[in-house]
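Sequential numbering from 1 along the given sequence is applied to the chain's residues. Everything numeric in this text was worked out from a predicted model, so none of it was measured.
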Amino acid sequence: MSCWEPLQKCFRPCGHLASAPFARSRQEENIRDKAVQVLESMGLIDAANRMGSDLSWVEEQILQICRALVSEPKLLLLDEPTAGMGEVESQQVQDLIKKIQARGITTIVVAHDMKLINRIAEKVTCLSFGNKIAEGPCRNVLDDPRVHEVYLGAE
């Protein structure tokens, strides 16, 4: 009998790593329950048992947001959440962000997707090389001559 055999009897495979059958704590159970709850509320529960490599791009992005939501943040920072997505996928992420905002979670979104920003933002801050050049409601920022000059070229 090898020195590992007694240990192996105490451990059981659980899909990702071996763990002791008694090792699952109440805290882990609570986190697991919260994760399932978040996946359900964000419409991703059907993907819960799939490998990450089998998820679509939009599902991967939504999963990243769900991971953040499990910790019950008051503030959620999103960097280019619709990058590389088409209109349908962008709409899914937009709907998700609105759902998060409706829960009272403040969101800060860094994005060049102006359709998204126009639909989700109460207040927009436009930066150029780290300097604020405009701030306010989206329509006002988009109409600001400095924004046009920096991002669209002077006319």
Side-chain angles (χ1 to χ4, degrees), residues 11-144 146-148 150-152:
F11 290 85
R12 62 179 168 81
C14 67
H16 58 282
L17 295 173
S19 64
F22 52 82
R24 197 176 276 174
S25 69
R26 180 161 292 156
Q27 183 181 17
E28 283 180 312
E29 290 294 331
N30 290 341
I31 291 169
R32 198 168 266 115
D33 291 346
K34 181 68 177 168
V36 167
Q37 183 182 36
V38 169
L39 289 171
E40 284 177 342
S41 70
M42 296 300 143
L44 202 58
I45 194 64
D46 292 339
N49 293 316
R50 292 178 19 219
M51 297 294 292
S53 59
D54 294 336
L55 298 176
S56 69
W57 177 243
V58 69
E59 289 172 325
E60 284 182 33
Q61 296 305 97
I62 293 172
L63 179 60
Q64 293 299 324
I65 295 169
C66 288
R67 286 177 59 189
L69 293 174
V70 170
S71 67
E72 299 179 348
K74 291 183 171 104
L75 172 68
L76 182 64
L77 306 173
L78 300 173
D79 186 16
E80 298 289 355
T82 59
M85 293 182 192
E87 188 65 33
V88 172
E89 294 87 0
S90 292
Q91 182 67 45
Q92 284 180 271
V93 173
Q94 173 191 311
D95 294 344
L96 175 71
I97 293 169
K98 285 183 172 182
K99 194 182 287 189
I100 292 166
Q101 291 170 329
R103 290 180 173 185
I105 299 171
T106 300
T107 57
I108 295 177
V109 179
V110 176
H112 291 90
D113 181 346
M114 292 316 298
K115 284 183 184 178
L116 172 72
I117 295 300
N118 195 34
R119 293 174 182 159
I120 65 165
E122 291 177 21
K123 181 178 179 181
V124 174
T125 301
C126 184
L127 303 174
S128 176
F129 295 103
N131 296 310
K132 181 169 57 171
I133 59 172
E135 186 172 63
C138 193
R139 186 76 268 153
N140 294 1
V141 171
L142 290 176
D143 291 340
D144 190 297
R146 293 171 296 179
V147 173
H148 280 268
V150 169
Y151 286 99
L152 304 174

Task: Those residues that, when tested against Thr106, pass side chain to side chain donor-acceptor pair (under 3.5 Å) (two or more places apart) - done: none
- [ ] Any chance you could lay out the side chain to side chain contact (heavy atoms under 4.5 Å, CB included) test for Ile65 and Met42, step after step, and finish with the verdict?
- [x] CA-CA 9 Å; Ile65 295 169; Met42 296 300 143; 5.9 Å; no
- [ ] Compare all side-chain heavy atoms of Met114 with those of Leu142 and state whether any distance is below 4.5 angstrom.
- [x] yes
- [ ] Start with the C-alpha gap between Leu76 and Ile108, add the side-chain angles, then the distance that decides, and say whether side chain to side chain contact (heavy atoms under 4.5 Å, CB included) holds.
- [x] CA-CA 6 Å; Leu76 182 64; Ile108 295 177; over 6 Å; no
Task: Pairing of Asp144 and Arg146 as salt bridge, 4.0 angstrom limit - done: yes
- [ ] Drop me the distance from Ile100's CD1 to Cys66's SG, to the nearest 0.5 angstrom.
- [x] 7.5 Å
Task: Qualifying residues under side chain to side chain donor-acceptor pair (under 3.5 Å), relative to Lys123, sequence neighbours excluded - done: none
- [ ] Check Ala134 against Val147 and note the closest heavy-atom contact, atom names and distance.
- [x] CB-CG2, 3.6 Å
Task: Test log, rule side chain to side chain contact (heavy atoms under 4.5 Å, CB included), inputs Glu72 and Lys34 - done: CA-CA 9 Å; Glu72 299 179 348; Lys34 181 68 177 168; 3.1 Å; yes
Task: Contact check, side chains of Gln92 and Met85, non-hydrogen atoms, under 4.5 Å - done: no
- [ ] For Asp33, look at atom CG and say whether over 12 heavy atoms of other residues, nucleotides or ligands are found less than 6.0 Å away.
- [x] yes
- [ ] Grab the two heavy atoms, one from Trp57 and one from Ala83, that are nearest each other, plus how far apart they are.
- [x] NE1-O, 2.8 Å
Task: Short N-O contact, Asp95 and Lys99, less than 4.0 angstrom - done: no
Open item on the list: Using modelled atom types and a 3.5 Å cut-off, is there a donor and acceptor pairing between side-chain atoms of Gln91 and backbone atoms of Val88?
Closed with: no
Open item on the list: Run the side chain to side chain contact (heavy atoms under 4.5 Å, CB included) test on Leu55 and Leu44 for me, step by step, so that the C-alpha distance in whole Å, both residues' side-chain angles and the decisive distance to 0.1 Å come before the verdict.
Closed with: CA-CA 10 Å; Leu55 298 176; Leu44 202 58; 5.6 Å; no
Open item on the list: Can you confirm whether Leu127 sits close enough to Ile133 that some side-chain heavy atom of one is under 4.5 Å from a side-chain heavy atom of the other?
Closed with: no
Task: Approximate separation, where rounding is to 0.5 Å, of Asn118 CG and Cys138 SG - done: 4.0 Å
Task: Which atom of Ala35 lies closest to which atom of Val70, heavy atoms considered - done: CA-CG2, 3.8 Å
TODO: Compare all side-chain heavy atoms of Leu116 with those of Pro81 and state whether any distance is below 4.5 angstrom.
DONE: yes
Task: Atom pair CD/CD of Glu80 and Gln61 - distance to nearest 0.5 Å - done: 10.5 Å
TODO: Give a yes or no on whether the backbone of Gly86 and the side-chain of Glu89 come within a donor-acceptor separation of less than 3.5 Å.
DONE: yes
Open item on the list: Can you tell me if Arg50 has over 12 outside heavy atoms packed within less than 6.0 Å of its CZ?
Closed with: yes
Task: Where Pro73 and Ala68 come nearest, the two heavy atoms and their spacing - done: CD-O, 3.4 Å
- [ ] Enter the distance from Leu69:CG to Ser41:OG here, rounded to the nearest 0.5 Å.
- [x] 7.5 Å
TODO: Could you tell me the separation between the OG1 atom of Thr82 and the CG atom of Leu96, rounded to the nearest 0.5 Å?
DONE: 12.0 Å
Open item on the list: Could you report the tightest heavy-atom contact between Val141 and Glu135, atom names first, then the distance?
Closed with: CG2-C, 3.7 Å
Open item on the list: According to side chain to side chain donor-acceptor pair (under 3.5 Å), who are the partners of Ser128, at least two apart in sequence or on a separate chain?
Closed with: none
Open item on the list: To the nearest 0.5 Å, what is the distance between CG on Leu77 and OG1 on Thr107?
Closed with: 9.5 Å
- [ ] May I ask you to decide if Arg119's main-chain N or O and Gln94's side chain share a donor-acceptor pair within less than 3.5 Å?
- [x] no
Task: Side chain to side chain, Val124 and Pro137, heavy atoms closer than 4.5 Å - done: no
